[in-house]
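Since we're looking at a predicted model, the values are computed, not measured.
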Amino acid sequence: MGRGRETPKSQQQQVSYTVEQLVAVNPYNPDILPDLENYVNEQVSLQTYSLDANLCLLRLYQFEPDRMSTQIVARILVKALMAMPAPDFSLCLFLIPERVQMEEQFKTLIVLSHYLETGRFRQFWDEAAKSRHIVEAVPGFEQAIQAFAIHVLTLTYQKVPRTVLAEAINIEGLSLDKFLEHHVANSGWILEKGHGKGQLIILPRNEFNHPELKKNAADSIPLEHVTRIFP
């Protein structure tokens with residue numbers, strides 16, 4: 001089933017739907033299963049992402065277990081990991097039968113997800129290195145996880161030691177120097193004077209690493225509301 005633009009109603013018989021339209025029009029039709037599988041592979045090759053389409057495919061697999069492709073499911077989960085901090089991995093996992101989750105590749109991906117959720121980046125990269133055949137099948141994986149690690153560090157630190165950054169993004173040496181140069185030029189990072197492992201990186205200020213920057217005091221709970229609960 002191809003992808004094309006919608007045509008006028010007079011030509012409805014010749015309409016060629018996009019995958020997103022197929023999902024919206026008839027998400028429980030098993031006939032669209034091959035299209036959804038092809039779309040997963042397209043997301044991998046083109047480095048795009050559609051959670052809705054992937055969830056639709058996992059739901060169809062529940063109704064058509066004999067047609068399930070574990071390779072496709074693994075690719076969906078890797079793409080979901082790359083979407084962190086969004087909860088996509090958990091959403092996908094809920095739709096995967098427990099017997100399938102017990103397969104080795106899926107147990108590995110669940111462990112990787114746990115390490116990311118708990119900020120244990122060193123353990124994450126060590127485990128990922130043992131499972132390169134799973135994660136490297138999806139281009140952009142390493143860069144997506146590095147972006148998530150930087151997101152976590154930016155919310156946590158005002159200044160981050162070079163060693164902590166290196167561990168979180170799994171880059172060292174000259175590659176790390178180039179990485180830092182890029183973010184100094186493009187992301188507002190500042191390098192404190194010093195060299196080697198003792199170097200500190202000053203990260204951009206935000207309301208999480210500098211709570212005093214919170215813009216809207218109305219987001220907090222008024223004192224009078226608290227006193228009603230705790231006299």
Side-chain angles (χ1 to χ4, degrees), residues 42-52 54 75-92 109 111-132 134-220:
E42 183 178 300
Q43 291 173 56
V44 170
S45 61
L46 299 180
Q47 297 192 41
T48 57
Y49 183 56
S50 174
L51 175 64
D52 289 341
N54 294 347
R75 290 184 169 191
I76 288 175
L77 287 178
V78 173
K79 293 291 285 187
L81 274 183
M82 293 166 63
M84 296 277 286
D88 297 12
F89 187 88
S90 295
L91 294 175
C92 292
L109 289 171
V111 168
L112 290 176
S113 171
H114 177 67
Y115 285 151
L116 288 181
E117 290 172 354
T118 54
R120 296 157 67 183
F121 295 110
R122 179 70 276 147
Q123 291 94 323
F124 171 86
W125 292 114
D126 289 344
E127 186 66 29
K130 301 174 190 174
S131 310
R132 292 187 183 279
I134 301 174
V135 297
E136 290 187 353
V138 181
F141 177 79
E142 185 174 355
Q143 292 81 359
I145 302 304
Q146 288 169 345
F148 171 66
I150 291 170
H151 168 76
V152 172
L153 293 178
T154 302
L155 298 184
T156 308
Y157 289 95
Q158 297 177 3
K159 299 179 180 181
V160 60
R162 179 188 175 99
T163 52
V164 172
L165 176 67
E167 184 175 275
I169 63 176
N170 199 37
I171 300 178
E172 295 180 338
L174 291 175
S175 296
L176 181 56
D177 291 335
K178 291 180 180 179
F179 187 90
L180 288 171
E181 288 176 9
H182 172 79
H183 281 280
V184 166
N186 298 281
S187 305
W189 292 13
I190 300 171
L191 301 183
E192 277 199 347
K193 290 182 179 180
H195 300 282
K197 295 182 178 180
Q199 189 177 49
L200 287 174
I201 298 98
I202 303 174
L203 298 173
R205 292 160 61 90
N206 60 71
E207 63 179 319
F208 297 99
N209 63 12
H210 285 77
E212 70 275 11
L213 295 180
K214 282 193 175 179
K215 297 177 182 178
N216 192 356
D219 291 338
S220 59

Between Gln43 and Ile76, is there a side-chain heavy-atom distance shorter than 4.5 Å? no

With the side chain counted from C-beta on, respond yes when Glu127 and Tyr115 share a heavy-atom pair under 4.5 Å apart, and no when they do not. yes

Hey, could you give me the CZ/CG distance between Phe208 and Leu203, rounded to the nearest 0.5 Å? 14.5 Å

From CZ (Arg132) to CD (Glu142), nearest 0.5 Å: 8.0 Å

Does the side chain of Tyr49 pick up a donor-acceptor pair with the side chain of Asn54 at under 3.5 Å? no

What distance do Leu165 atom CG and Gln199 atom CD have between them, rounded to the nearest 0.5 Å? 9.5 Å

Separation between CD1 (Ile171) and CG (Leu176), nearest 0.5 Å, reads 6.5 Å

Would you indicate whether the side-chain heavy atoms of Ile201 and Glu192 approach each other to under 4.5 Å? no

Under the rule for side chain to side chain contact (heavy atoms under 4.5 Å, CB included), what residues qualify as partners of Ser45, not counting sequence neighbours? none

With rounding to the nearest 0.5 angstrom, report the OG to CG distance, Ser131 to Leu112. 6.0 Å

Glu117 side chain reached by Met84 side chain, heavy atoms, under 4.5 Å: yes

Could you check if a side-chain atom of Asp177 sits within less than 4.5 angstrom of a side-chain atom of Arg162, using non-hydrogen atoms only? yes

Check whether Glu167 reaches the backbone of Arg122 with its side chain - one donor and one acceptor, N or O, closer than 3.5 Å. no

Could you walk me through whether Asp126 and Lys130 satisfy the salt bridge (Lys or Arg N to Asp or Glu O under 4.0 Å) test, starting with their C-alpha distance in whole Å, then the side-chain angles of each, then the deciding distance to 0.1 Å, before giving a yes or no? CA-CA 7 Å; Asp126 289 344; Lys130 301 174 190 174; over 6 Å; no

Has Ser113 got a side-chain atom pairing as donor or acceptor with Leu109's backbone, closer than 3.5 angstrom? no

Non-hydrogen side-chain atoms of Val152 and Phe121 separated by less than 4.5 Å: yes

Below 4.5 Å, heavy atoms only, C-beta onward: do Trp189 and Glu181 meet side chain to side chain? no

Please tell me if the side chains of Val160 and Leu200 come closer than 4.5 Å, counting only heavy atoms from C-beta onward. no

Find the distance between NZ (Lys79) and CG (Leu51) and round it off to the nearest 0.5 Å. 12.0 Å

